[in-house]
Chemist: 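This is the structure I want to talk about, given as structure tokens.
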Amino acid sequence: MSDAVAWILLLGRILFGAMWVNSAVGHLTQGQGSIGYAKSMRFPMPRLAAWPSGLWLIAGSLSIALGLWADVGALMLALFATLAAAWFHRFWELDDPQQRSAQRQNLWRNVTLVGGCLVIFVLFTTFGHDLPLTITDPLIDLR
């Protein structure tokens with residue numbers, strides 16, 4: 001891999017992680033609102049929607065950005081986005097067309113993010129031992 005490609009990959013990892021950190025800030029700074037929303041959506045453990053999920057998002061995003069067991073970080077973020085899609089964006093249950101449309105977009109955003117996380121997971125589990133600009137090798141090896 002050329003140096004230019006390695007730096008572009010690092011930039012992509014950082015930008016991908018930045019989106020998740022932005023989401024984490026909301027969970028950390030607006031915890032009561034996150035808990036209230038989780039309760040309204042009948043999430044079984046609404047307190048997880050505040051600081052625990054914010055820390056989870058930061059850990060997963062830093063893992064990818066730094067290349068610190070990025071395979072595990074990708075799975076962490078994929079799990080979060082899957083749960084968010086399943087619990088919080090059930091657009092088919094809504095009657096209001098605007099809310100339905102917004103939640104449909106949110107669900108598909110999360111589906112897209114899961115796809116990106118899976119691509120990152122495969123990248124690191126397959127090629128992670130050879131990727132430059134990482135702190136650790138992946139924990140999972142699919143070579």
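Because the structure is a prediction, the values reported are computed rather than measured.
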Chemist: Treat each ILVMFWY residue as a node, draw an edge where side-chain heavy atoms are under 4.5 Å apart, and state whether Met41 and Leu57 are in one component.
Modeler: yes
Chemist: Quick check for you: to the nearest 0.5 Å, what is the distance between Asp137 atom CG and Leu68 atom CG?
Modeler: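 Between Asp137 CG and Leu68 CG, I get 11.0 Å after rounding to 0.5 Å.
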Chemist: Answer with yes or no whether the hydrophobic clustering places Ile135 together with Val21; edges join I, L, V, M, F, W, Y residues whose side-chain heavy atoms lie under 4.5 Å apart.
Modeler: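 No; tracing contacts between hydrophobic side chains, which count when under 4.5 Å, never links both residues.
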Chemist: Hey, could you give me each pair passing ring pair (Phe, Tyr, Trp, His ring centres under 6.0 Å) that has a residue in residues 109-129? Not counting sequence neighbours.
Modeler: none
Chemist: Mind listing the side-chain donor-acceptor pairs of residues 7-15 below 3.5 Å, one per line with the distance, residues two or more places apart or on another chain?
Modeler:
from: Arg13; atom 1: NE; to: Ile64; atom 2: O; distance (Å): 2.8
from: Arg13; atom 1: NH1; to: Leu133; atom 2: O; distance (Å): 3.4
from: Arg13; atom 1: NH2; to: Ala65; atom 2: O; distance (Å): 2.9
from: Arg13; atom 1: NH2; to: Leu133; atom 2: O; distance (Å): 3.0

Chemist: Any chance you could measure Ile140, atom CD1, to Asp71, atom CG, to the nearest 0.5 Å?
Modeler: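 If I round to the nearest 0.5 Å, the distance is 5.0 Å.
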Chemist: With a 4.5 Å cut-off on side-chain heavy atoms, are Phe16 and Ser61 touching?
Modeler: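 No, their side chains stay 4.5 Å or more apart.
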Chemist: Does Val122 share a hydrophobic cluster with Val114, counting links as ILVMFWY side-chain heavy atoms below 4.5 Å and allowing steps through other members?
Modeler: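 As far as the 4.5 Å side-chain criterion goes, Val114 and Val122 are not connected within one cluster.
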Chemist: Is there a side-chain contact between Arg104 and His89, using heavy atoms and a 4.5 Å cut-off?
Modeler: no
Chemist: With clusters defined by side-chain heavy atoms of hydrophobic residues (ILVMFWY) lying less than 4.5 Å apart, directly or transitively, does Leu79 cluster with Val72?
Modeler: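 Yes, Val72 and Leu79 fall within the same hydrophobic cluster.
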Chemist: How far does CZ of Phe43 sit from CE of Met45, to the nearest 0.5 angstrom?
Modeler: 5.5 Å
Chemist: Could you pull out the closest heavy-atom pair between Ile35 and Pro46, with the gap in Å?
Modeler: CG1-O, 3.6 Å
Chemist: Looking at Arg47, I want to see if its CZ is surrounded by more than 12 non-hydrogen atoms of other residues, nucleotides or ligands under 6.0 Å.
Modeler: no
Chemist: Can you check whether Leu131 reaches Met1 side chain to side chain, under 4.5 Å on heavy atoms?
Modeler: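 Yes; the side chains approach each other to less than 4.5 Å.
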Chemist: Sequence neighbours excluded, which residues qualify as salt bridge (charged side-chain N to carboxylate O under 4.0 Å, His left out) partners of Arg100?
Modeler: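 Arg100 satisfies salt bridge (charged side-chain N to carboxylate O under 4.0 Å, His left out) with no other residue.
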Chemist: State, to 0.1 Å, how close Ala81 and Asn110 come at their nearest heavy-atom pair, and which atoms those are.
Modeler: O-CB, 3.6 Å
Chemist: Is it the case that more than 12 heavy atoms not belonging to Gln98 sit under 6.0 Å from its CD atom?
Modeler: no
Chemist: Check whether any side-chain heavy atom of Pro44 lies under 4.5 Å from a side-chain heavy atom of Trp87, and answer yes or no.
Modeler: yes
Chemist: Does the side chain of Phe80 come within less than 4.5 Å of Leu113's, by heavy atoms?
Modeler: no
Chemist: Should Leu48 and Tyr37 be counted in the same cluster of Ile, Leu, Val, Met, Phe, Trp and Tyr side chains packed under 4.5 Å apart?
Modeler: yes
Chemist: Quick check: does any side chain N or O of Ser63 sit under 3.5 Å from a backbone N or O of Ala59, one acting as donor and the other as acceptor?
Modeler: no
Chemist: CD/Gln99 to CG/Leu94 distance, rounded to the nearest 0.5 angstrom?
Modeler: 5.5 Å
Chemist: How many angstroms lie between atom CH2 of Trp92 and atom CD of Gln103, to the nearest 0.5 angstrom?
Modeler: 10.0 Å
Chemist: Rounded to the nearest 0.5 Å, how far apart are CE of Met76 and CG of Leu62?
Modeler: 10.0 Å
Chemist: Search all heavy atoms of Cys117 against all heavy atoms of Leu77 and return the closest pair with its distance.
Modeler: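 That would be SG-CB, 3.6 Å.
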Chemist: Report the residues that fulfil side-chain hydrogen bond (donor to acceptor under 3.5 Å, both in side chains) with Asn22, sequence neighbours left out, ordered by chain and then residue number.
Modeler: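 So Asn22 forms no side-chain hydrogen bond (donor to acceptor under 3.5 Å, both in side chains) with any residue.
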Chemist: Can you pull the ring pair (Phe, Tyr, Trp, His ring centres under 6.0 Å) pairs that have at least one residue in residues 51-78, sequence neighbours excluded?
Modeler: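 Checked against ring pair (Phe, Tyr, Trp, His ring centres under 6.0 Å) - neighbours excluded - no pair reaches residues 51-78.
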Chemist: Considering only distance and modelled atom types, tabulate donor-acceptor pairs under 3.5 Å from the side chains of residues 26-33, sequence neighbours left out.
Modeler:
from: His27; atom 1: ND1; to: Ala49; atom 2: O; distance (Å): 2.6
from: His27; atom 1: ND1; to: Ser53; atom 2: OG; distance (Å): 2.9
from: Thr29; atom 1: OG1; to: Val25; atom 2: O; distance (Å): 2.8

